[in-house]
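Quick note on labels: first sequence line is chain A, next is B, and so on, each numbered from 1.
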2 protein chains.
Amino acid sequence: MYTIGQVSQMFNIPISTLRYYDKEGFFPNLKRSSGIRRFDEQDIEALKVIECLKESGLELKDVKQFIKWATKGSSTYKNRKELFEKRKIAVEQEIKKLQKTLNILEYKCWYYDKAIKDGTEDRIYKMLPNKLPPKIQKLYDSFH
Amino acid sequence: MYTIGQVSQMFNIPISTLRYYDKEGFFPNLKRSSGIRRFDEQDIEALKVIECLKESGLELKDVKQFIKWATKGSSTYKNRKELFEKRKIAVEQEIKKLQKTLNILEYKCWYYDKAIKDGTEDRIYKMLPNKLPPKIQKLYDSFH
DNA sequence: CCTTGACATAAAGTTAGGTTTAGGTATTAA
DNA sequence: TTAATACCTAAACCTAACTTTATGTCAAGG
């Protein structure tokens, strides 16, 4: 049995966050003695689940939904799988988008590196795209 | 010369967003005739810059800083490069984190796929980590 | 003359996931 | 006895990038 302060230390999560999770209903079985929260193994397990699902990029409302399904047992495996499947597709798209972003940034870095060396941007502006270094041209093409 | 409605259509950006950008000072040279905003080529160029920098994942306050530097000329190439360099490193880290997230999600998908096939999670719980399929074991190890 | 539509403003609302504040209780140590 | 801790609550605040709302101006068309 742990107090909120102990759980906070064990998981390195602010007390305010634990209270917030409680208020949001993430510890359906949390007990109290004379008003003070007492976290038992079940509550600690619930917290581990929250942490893990947050790690996988789920929003809290999805975590909540997942917990509901999990307490309903084996009839909800499909729902749970679909939840992760959807999130997986979203993450794959996020990664793709960030890789495009990275191309832009690498181009920008090259651009200003050259501007610094030349002392001016003029020579870059006058450069035809097909005269760019091959690697840079690839970057350039990837977002134009 | 364009009205706000025309610009909104040309760029597919809500009118409210354009007004917001204006209020935030992103169109330092925007003219008005009898109270109505008139966007000229310069303002359109400014908007293109905003769009491009937002594409590269910069926050509006960084976009603002960049514009300030850009109007100061060649003496700020270094500042501008550093801005992109920093953002580049941040994006690389975001991608790494998402790839870890993806590993968790792929594991979860495998897990529930198997639970659906078995009709129960029990057999997975009893499975030793070194008895997992090699690909799944790799995923599992990557976040444990 | 009246309505429609495009423009304008200021201020409040939205979202998520908390954090901070103000005020109160209960136990314990000096 | 009083001071320090650790706990409690409700409600306000935070960030970013907008969006919505309420209200108003102005010109053209029927």
How many Å lie between [atom1] on [X] and [atom2] on [N], as a whole number?
| X | N | atom1 | atom2 | answer |
| --- | --- | --- | --- | --- |
| B:Gln6 | C:dC7 | CD | P | 7 Å |
| A:Glu24 | C:dT19 | CD | P | 13 Å |
| B:Phe39 | C:dA6 | CZ | C1' | 14 Å |
| B:Glu51 | D:dC18 | CD | C1' | 14 Å |
| B:Asp22 | D:dC18 | CG | P | 14 Å |
| A:Ile15 | C:dT19 | CD1 | P | 11 Å |
| B:Ile36 | D:dG24 | CD1 | P | 18 Å |
| B:Tyr20 | D:dA16 | OH | P | 9 Å |

- Message: Return whichever of A:Thr3 or B:Leu58 has its heavy-atom-nearest nucleotide of DNA chain D closer to the 5' end.
- Response: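 The answer here is A:Thr3.
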- Item | Residue mapping more 5' on DNA chain D - nearest nucleotide basis, A:Lys23 or A:Arg38 | A:Arg38
From the options [options], select the nucleotide whose nearest atom is closest to the side chain of [X].
| X | options | result |
| --- | --- | --- |
| B:Arg19 | D:dC18, D:dC7, C:dT9 | C:dT9 |
| A:Leu60 | D:dC8, C:dG17, C:dT19 | C:dG17 |
| A:Glu59 | C:dG17, D:dC18, D:dC8 | C:dG17 |
| A:Arg32 | D:dT9, D:dT19, C:dC7 | D:dT9 |
| A:Lys54 | D:dC18, C:dG17, D:dA16 | C:dG17 |
| A:Ile4 | D:dA17, D:dC8, C:dT19 | D:dC8 |

- Item | Donor on one side chain, acceptor on other, B:Glu121 and B:Tyr111, under 3.5 Å |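 Side chains of B:Glu121 and B:Tyr111: pair found under 3.5 Å.
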- Any side-chain donor near an acceptor of the partner, B:Thr120 and B:Asp118, under 3.5 Å: no
- Message: With a 4.0 Å limit, can you tell me whether B:Arg37 has a side-chain N or O closer than that to the phosphate oxygens OP1/OP2 of C:dA8?
- Response: yes
- Query: Would you say a side-chain N or O of A:Tyr21 is under 4.0 Å from OP1 or OP2 of C:dG17?
  - Reply: no
- Message: More than 12 heavy atoms of other residues, nucleotides or ligands under 6.0 Å from CZ of A:Arg123: yes or no?
- Response: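 At most 12 heavy atoms, drawn from other residues, nucleotides or ligands, come within 6.0 Å of this atom.
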- Task: Decide yes or no on ring pair (Phe, Tyr, Trp, His ring centres under 6.0 Å) for B:Phe27 and B:Phe39, but give the supporting numbers first.
- Result: CA-CA 9 Å; B:Phe27 305 117; B:Phe39 293 76; 5.5 Å; yes
- Query: For A:Ser34 and A:Thr17, take the nucleotide of DNA chain C holding the closest heavy atom to each; which residue's nucleotide lies nearer the 5' end?
  - Reply: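 On the 5' side of the pair lies A:Thr17.
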- Query: To the nearest 0.5 Å, how far apart are CD in B:Glu45 and CG in B:Leu47?
  - Reply: 9.5 Å
